Amino acid sequence: MMCCACMRVSIIHIFCERTVQHNQDDILSLASISASMRMLHYFLVASSDIAREKASRLLQIPETIARFWTILKKYDYGLTAEFYNGQIPAFGVAVKFLRVLREVLDLNCVGVQQCIRSLSLYEMVFDIACDILRRVTEIANSLSHGDKQGGFMRRCSTEFERIMDCSVDIISEVIREVSSLTFFTNKSARLGNTYCRTRAVRFLMEKDPMLLFKLTSLLAYDARICLHGIKSFSARGIRSNISQVKTGASELDNLRIKIVKLLGTATIFLPSGHYNIFRYIRQMCVKNMVTMRESLISDILHSEGWSILKAHLQDQLFARGKLITDAKGQSGEEGQIEVVEDIMMMESNDRSGTYLLLFTNLRFYISRPSTPSDIRRLTKSSLSKWTQFDFHRLVNSLVMIRYEDIRAVYQGYGGQDLVLHRIDRQKDVELVMSLRSMRLGVVESIVEILRRYCTDDLGKPLVDPPQIKKTKVESSATSSGNKGKSEVELILERRVGELPKIVQSHLSRLSRRSADGLGNAKNSKSKKIVYTSGHFFDLALLTLFGQLARREPVGEASSFEPICFTDVFFGSLTGQAKTTLIWFRVVHDRPKSRVQNFIVAATKKIDRWSPGESSKGWDDFLQLRWYLNLQNMTDIMVKHAASPIIHMLYKSEHRRTGTKIIRFDCDSAFQLWRRTLQTYLKQIGGWNSSYAPGSEVENAKNL
């Protein structure tokens with residue numbers, strides 16, 4: 001008899017086929033298919049373990065995926081001209097389909113027969129992602145032509161950029177899975193596994209000869225947007241995006257980060273990959289009349305260097321017997337061979353040094369703070385200068401940590417801070433590691449790996465779990481002089497003085513959301529609201545804005561919202577230091593629609609953040625160091641170097657001019673701030689874009 005899970009999947013598939021056959025209304029057909037994809041994804045993610053496993057097995061049959069693909073391909077994934085109305089894809093069918101495929105890729109095959117059988121599924125999923133990427137790329141490239149003004153001033157909607165991101169993510173995930181297959185399980189099968197994996201990945205990437213061209217064309221699309229400050233179809237000026245504040249990057253930035261990483265991986269498996277990548281980049285720059293940024297080229301070279309280092313460390317660890325070659329009787333599935341999946345570099349928040357994190361499919365390693373000095377700017381050429389002693393020292397400094405020892409993973413606002421709670425089995429103590437990376441995308445990649453391998457007894461990821469130790473931050477005040485005031489209000493008053501109305505209203509909204517999340521009745525008169533560690537950054541930003549409101553009167557402002565939250569190198573012309581840079585947007589009801597924008601430089605006391613243990617410390621987590629009302633900004637200059645720089649010129653209260661330097665460690669953080677500044681300057685009419693800037697240092701008012 002067919003199990004319940006298989007029956008539900010079959011019913012969904014039959015419903016899709018019948019809808020297409022008997023429905024003459026294409027829009028209604030796409031709506032039905034979209035609803036079916038949503039049900040299928042929910043069924044794969046939120047069902048019981050047994051039902052989820054059986055449904056995944058059914059969907060892992062290539063014929064089942066092919067039938068769904070045929071149905072969606074008939075309507076061109078909702079991207080045809082009939083549904084291409086206002087650059088919005090029909091019902092998000094493509095994204096939902098890609099998310100379903102994402103859930104069925106984790107096969108963990110062992111043995112020649114299973115690996116060969118799984119390659120047919122990987123090949124089909126890879127073809128689907130490349131086909132969707134081809135259609136979206138064609139649409140993105142078409143937006144650079146046909147403009148009456150002769151300019152490249154059009155941009156896809158957020159939904160289309162989400163499809164681009166999902167397509168690139170699927171391609172990267174397929175390459176990761178195929179490059180981790182275990183064809184042979186004996187100890188002497190290292191060369192055989194390496195050869196089969198390399199040939200399999202090369203076969204997939206060579207099936208589509210234009211794959212690298214599509215990826216570089218998306219980089220050219222990104223370059224057009226970053227050069228001219230083009231808004232999305234659905235965007236209306238500067239808006240707060242809470243996911244952008246939490247992860248430190250928008251969807252366009254995440255797309256760029258994934259493309260750069262994928263291009264670095266392609267250079268390992270394709271013999272002419274390095275040459276073709278930069279050949280296509282030159283072609284797309286000429287076609288789109290843009291200059292490719294030196295910071296972006298530098299990131300691609302870094303990604304290429306890290307991919308080569310990963311391959312070298314795989315061989316070095318195997319040669320020294322540190323990788324599991326026969327997992328029988330050890331952690332992991334029987335016969336599974338350990339494979340290096342990714343490597344990252346992070347810095348300790350206590351300034352103890354730089355660490356190399358190496359992740360495999362069974363466990364991960366962290367180095368002692370004795371890595372080579374040039375590893376921060378690693379490229380293929382610099383890696384070729386490494387001696388055997390450099391590799392020997394790096395490999396010997398690696399300390400093994402099991403995924404089972406991880407108890408919690410916390411990610412800070414801005415996507416650059418990471419806290420790991422783990423158990424040291426030798427000393428029988430719990431350790432807390434606080435790490436930071438100035439490059440965007442590193443923490444997100446680590447969290448994605450730990451989300452896959454670190455789960456609790458119910459199979460849920462241990463990323464941002466509830467508090468380990470319950471602590472109340474806010475309770476009713478009992479002193480007679482402060483009757484009716486909560487503890488949070490008292491702490492804020494001690495820190496910033498008398499609270500402005502905007503801070504009081506923002507705190508009341510946060511309290512209502514906390515009460516609703518805890519299930520408190522709306523008509524409850526109790527003020528005993530419990531703030532968990534999830535509210536830590538909200539309260540820290542509220543305290544920082546209170547410090548700003550004391551120095552810069554905001555009047556009768558109704559609300560404020562953070563726009564960007566990034567760790568940068570900030571200072572004067574003589575030197576810069578690590579600083580947290582935050583963009584605040586303040587909205588006033590009177591006069592109507594008046595908006596103020598502030599750039600705030602704050603000192604971050606990372607030791608005050610103890611997620612999972614305590615919710616206190618938010619009141620002095622961010623200390624105001626410097627701020628600028630953008631109305632006082634007189635000029636801005638941008639330098640596209642390997643470490644990109646933004647020069648801000650402004651006038652102080654005494655009419656004295658000043659200059660501040662913002663230096664970024666990666667291209668993505670630089671473009672996030674540059675794009676936001678572009679949008680602001682366009683709103684005030686101070687931005688005139690030109691098609692091909694000729695200088696390296698460009699005036700933002702005539703870029």
Side-chain angles (χ1 to χ4, degrees), residues 165 169 172 176 241-261 264 299 302-303 306 310 341-359 364-367 371 375-376 378 401 403 406-422 432-454 461-465 533-534 536-537 540 562 564-569 578-582 604 606-607 609-612 621 664-673:
D165 181 69
D169 184 53
S172 302
R176 186 193 66 80
N241 187 346
I242 190 62
S243 63
Q244 175 178 306
V245 175
K246 288 183 177 180
T247 62
S250 63
E251 291 182 348
L252 183 64
D253 300 310
N254 290 326
L255 173 64
R256 187 191 313 109
I257 292 171
K258 292 177 181 178
I259 292 176
V260 167
K261 191 171 184 178
D299 283 358
H302 293 334
S303 177
W306 281 99
K310 181 179 71 173
E341 291 193 357
D342 211 341
I343 56 174
M344 282 94 170
M345 187 203 69
M346 297 197 73
E347 300 174 358
S348 175
N349 277 316
D350 59 4
R351 300 180 181 179
S352 60
T354 301
Y355 295 87
L356 180 74
L357 278 73
L358 186 145
F359 296 90
F364 76 98
Y365 300 80
I366 183 168
S367 70
T371 55
I375 199 171
R376 283 180 54 86
L378 187 69
I401 301 174
Y403 289 121
I406 299 294
R407 288 294 176 259
V409 181
Y410 294 95
Q411 183 179 4
Y413 272 25
Q416 294 171 296
D417 291 305
L418 182 71
V419 172
L420 298 177
H421 289 255
R422 68 180 183 90
V432 178
M433 294 186 59
S434 180
L435 303 173
R436 173 164 64 173
S437 174
M438 301 294 287
R439 303 180 68 86
L440 292 182
V442 175
V443 172
E444 190 67 26
S445 299
I446 294 175
V447 169
E448 186 64 27
I449 294 174
L450 297 179
R451 182 180 285 114
R452 184 163 58 244
Y453 292 117
C454 301
L462 293 174
V463 177
D464 293 328
S533 59
F536 181 89
F537 286 94
C564 301
F565 190 107
T566 312
D567 289 343
V568 299
F569 296 95
K578 292 182 181 179
T579 308
T580 301
L581 212 62
I582 304 169
K604 182 191 296 183
I606 198 66
D607 58 320
W609 180 41
S610 300
F621 177 72
F664 301 88
D665 203 41
C666 66
D667 179 74
S668 297
F670 166 63
Q671 291 305 320
L672 176 66
W673 279 85

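Owing to the predicted nature of the structure, the values given are computational and were not obtained by experimental measurement.
Among the candidates L435, I449, I343, the single residue satisfying the side chain to side chain contact (heavy atoms under 4.5 Å, CB included) test with L357 is L435. Between D342 and the choices R176, K310, K261, the salt bridge (charged side-chain N to carboxylate O under 4.0 Å, His left out) rule is met once, by K261.
Remark: side-chain polar atoms of Q416 are paired, donor with acceptor, to backbone N or O of M438 under 3.5 angstrom. The closest donor-acceptor contact from the side chain of S668 to the backbone of L440 lies at 3.5 Å or more, if one exists at all.
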For I582 and C564, what are the C-alpha separation, side-chain angles and deciding distance, and is it a side-chain contact (heavy atoms from CB on, under 4.5 Å)? CA-CA 5 Å; I582 304 169; C564 301; over 6 Å; no
V419 and V432: CA distance, side-chain angles, deciding distance, side-chain contact (heavy atoms from CB on, under 4.5 Å) verdict: CA-CA 7 Å; V419 172; V432 178; 3.7 Å; yes
Derivation and outcome, side-chain contact (heavy atoms from CB on, under 4.5 Å), residues L356 and Y365: CA-CA 8 Å; L356 180 74; Y365 300 80; over 6 Å; no
Walk me through it: do D169 and S172 pass the test side-chain hydrogen bond (donor to acceptor under 3.5 Å, both in side chains)? CA-CA 5 Å; D169 184 53; S172 302; 5.7 Å; no
Q671 vs D667, side-chain contact (heavy atoms from CB on, under 4.5 Å): CA-CA, chis, key distance, verdict: CA-CA 6 Å; Q671 291 305 320; D667 179 74; 3.7 Å; yes
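Annotation for G264 and S303: closest pair CA-OG, 3.4 Å, computed over non-hydrogen atoms. Heavy-atom minimum distance, A669 versus T566: CB-CG2, 4.0 Å. Nearest heavy-atom pair across W673 and L581 is CZ2-O, 3.4 Å. Here the closest non-hydrogen pair linking Y355 and S367 is CD2-O, 2.8 Å. A pairwise comparison of heavy atoms in L462 and I406 identifies CD1-O, 3.4 Å as the closest pair. When all heavy atoms of F621 and A540 are compared, the closest pair comes out as CD2-CB, 3.9 Å.
Using the six-membered ring where Trp is involved, F537 and Y413 have ring planes that are parallel, under 30° apart on the 30 and 60° scheme. Relative ring orientation between H421 and Y410 is described as perpendicular, the plane-to-plane angle rising above 60° on a 0-90° scale split at 30° and 60°.
With sequence neighbours excluded, the residues forming a salt bridge (charged side-chain N to carboxylate O under 4.0 Å, His left out) with D299 are R439, listed by chain and number. Not counting sequence neighbours, the partners of S434 by the side-chain hydrogen bond (donor to acceptor under 3.5 Å, both in side chains) test are N349. Residues that satisfy the side-chain hydrogen bond (donor to acceptor under 3.5 Å, both in side chains) test with S437, not counting sequence neighbours, are absent from this structure. Partners of F565 by ring pair (Phe, Tyr, Trp, His ring centres under 6.0 Å), not counting sequence neighbours: none found. R422 is linked by a salt bridge (charged side-chain N to carboxylate O under 4.0 Å, His left out) to nothing, counting only residues two or more places apart in sequence or in another chain. Residues forming a side-chain hydrogen bond (donor to acceptor under 3.5 Å, both in side chains) with S445 (at least two apart in sequence, or on another chain): none. Under the salt bridge (charged side-chain N to carboxylate O under 4.0 Å, His left out) criterion, D567 pairs with R436, K604, sequence neighbours left out. Qualifying side-chain hydrogen bond (donor to acceptor under 3.5 Å, both in side chains) partners for Q411, counting only residues two or more places apart in sequence or in other chains: E444. Partners of Y453 according to the ring pair (Phe, Tyr, Trp, His ring centres under 6.0 Å) rule, which considers only residues two or more places apart in sequence or in another chain, are Y403. For D165, the salt bridge (charged side-chain N to carboxylate O under 4.0 Å, His left out) partners at least two apart in sequence or on another chain are K258.
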